[in-house]
Amino acid sequence: GPGAAEGVHLGPSKGSSGSSSSVDAVDGYLLPEDLLHLTRRSLFLVVDSDSSSSFSRIQGAEMGQQAFCLMSPSQRPYELGEASKAGNLLTMFLTGPLMGFCLTSGNTDPSIQQLVDLQSTMNAVMGEWAALLLRSFQTPGAPKSPWSVVFRDVLLRRLTLRFVLCRAALKLHTSVGGNPANLPRVFPELPKEVAPDAPEVVAGIQRLAECLDKSDRFGDRATSMSSGSPMSTATHTSGRM
């Protein structure tokens, strides 16, 4: 039957009481292939699970329209301490980016003024990244990016930009970024203008870190890296193995 590497387990956690039959165990898994019929129209997925990478099997198997998928890291970075066990990191960044960045930077008890500065700076940085993407979509002669469709929808645009923040914060983190299992994934690939090593993204992460006096958490790696119609369906799948 399906296992952790194949799909998301939607049933009770392993530690829960009670027993279930093998049929129930199989029915408790959501497989990537279970969603293929939804790709007759454009589909936007967020998968926050230890086995999120299995959903990359959807790419190229769509039944009509392009699918988009934001996938969480396959593990929670132990380097972030016990606080990283409070919730799944990708969901935290997508729903509460300030909380996600504070946790990643190591400042889990910021002052009110630090939060005010962080919110203001994050709004500015996100706006700059959005403008960067919009310009890339309009570059004469450049191939049309599938993400230009996503940016027509306000909610999906916000989720995409917060994913960019999550990926960059983890990739540029001096302790976490070297392990691919700690990093979220996405398909189709986002434009290179918002890659973690893009100068504007590196500079944005540094500005955010400065608000929390945590530039050293990102400084070394960041320094080395510096030198159609709206979506028809939005689905968030979260599971724990």
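Since the structure is predicted, the reported quantities are computational estimates derived from the model, not experimental observations.
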Do [X] and [Y] have side chains that get closer than 4.5 Å, going by heavy atoms?
X: Val154; Y: Arg157; answer: yes
X: Leu118; Y: Leu98; answer: yes
X: Leu172; Y: Gln206; answer: no
X: Ser52; Y: Leu90; answer: no
X: Phe44; Y: Asp153; answer: no
X: Thr160; Y: Phe163; answer: no
X: Gln65; Y: Leu43; answer: no
X: Asn182; Y: Leu89; answer: no

[X] to [Y] - nearest heavy-atom pair and separation:
X: Arg217; Y: Ser105; value: CG-O, 3.1 Å
X: Leu30; Y: Phe55; value: O-CZ, 3.7 Å
X: Val150; Y: Leu156; value: CG1-CB, 3.7 Å
X: Pro97; Y: Arg162; value: CG-NE, 3.6 Å
X: Trp147; Y: Pro191; value: CD1-CD, 4.1 Å
X: Pro32; Y: Arg57; value: CD-NH2, 3.4 Å

Q.
Can you tell me which residue among Ser54, Ser49, Ser53 is in a side-chain hydrogen bond (donor to acceptor under 3.5 Å, both in side chains) with Ser51?
A. Ser49
Would you say [X]'s side chain and [Y]'s backbone share a donor-acceptor pair under 3.5 angstrom?
X: Glu62; Y: Ala67; result: yes
X: Arg40; Y: His37; result: yes
X: Asp117; Y: Cys211; result: no
X: Ser120; Y: Val116; result: no
X: Thr39; Y: Leu36; result: yes

Q. Would you say the side chains of Asn88 and Ser72 form a donor-acceptor pair under 3.5 Å?
A.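 There is no such pair between these side chains.
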**Q.** More than 12 heavy atoms of other groups within 6.0 Å of Met99 CE
**A.**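 Count not over threshold, so no.
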So how far is it from [X] [atom1] to [Y] [atom2], rounded to the nearest 0.5 Å?
X: Cys166; Y: Leu70; atom1: SG; atom2: CG; answer: 9.5 Å
X: Glu193; Y: Leu134; atom1: CD; atom2: CG; answer: 11.0 Å
X: Leu38; Y: Met63; atom1: CG; atom2: CE; answer: 10.0 Å
X: Thr104; Y: Met92; atom1: OG1; atom2: CE; answer: 8.0 Å
X: Arg185; Y: Ser74; atom1: CZ; atom2: OG; answer: 8.5 Å

Q: Evaluate the side chain to side chain contact (heavy atoms under 4.5 Å, CB included) criterion for residues Phe93 and Arg167: first the C-alpha distance (whole Å), next the side-chain angles of each, then the deciding distance (0.1 Å), finally the verdict.
A: CA-CA 10 Å; Phe93 268 96; Arg167 182 175 67 169; over 6 Å; no
Q) Relative to the ring of Phe218, is the ring of Phe101 parallel (under 30°), tilted (30 to 60°) or perpendicular (over 60°)? A) parallel
Q: Dump the intermediate steps for side chain to side chain contact (heavy atoms under 4.5 Å, CB included) on Phe68 and Gln66, then the final yes or no.
A: CA-CA 7 Å; Phe68 299 82; Gln66 173 77 62; 3.6 Å; yes
(Q) Quick one, His173 with Leu80, criterion side chain to side chain contact (heavy atoms under 4.5 Å, CB included). Give me CA distance, side-chain angles, the key distance, then yes/no. (A) CA-CA 10 Å; His173 195 284; Leu80 299 183; 3.9 Å; yes
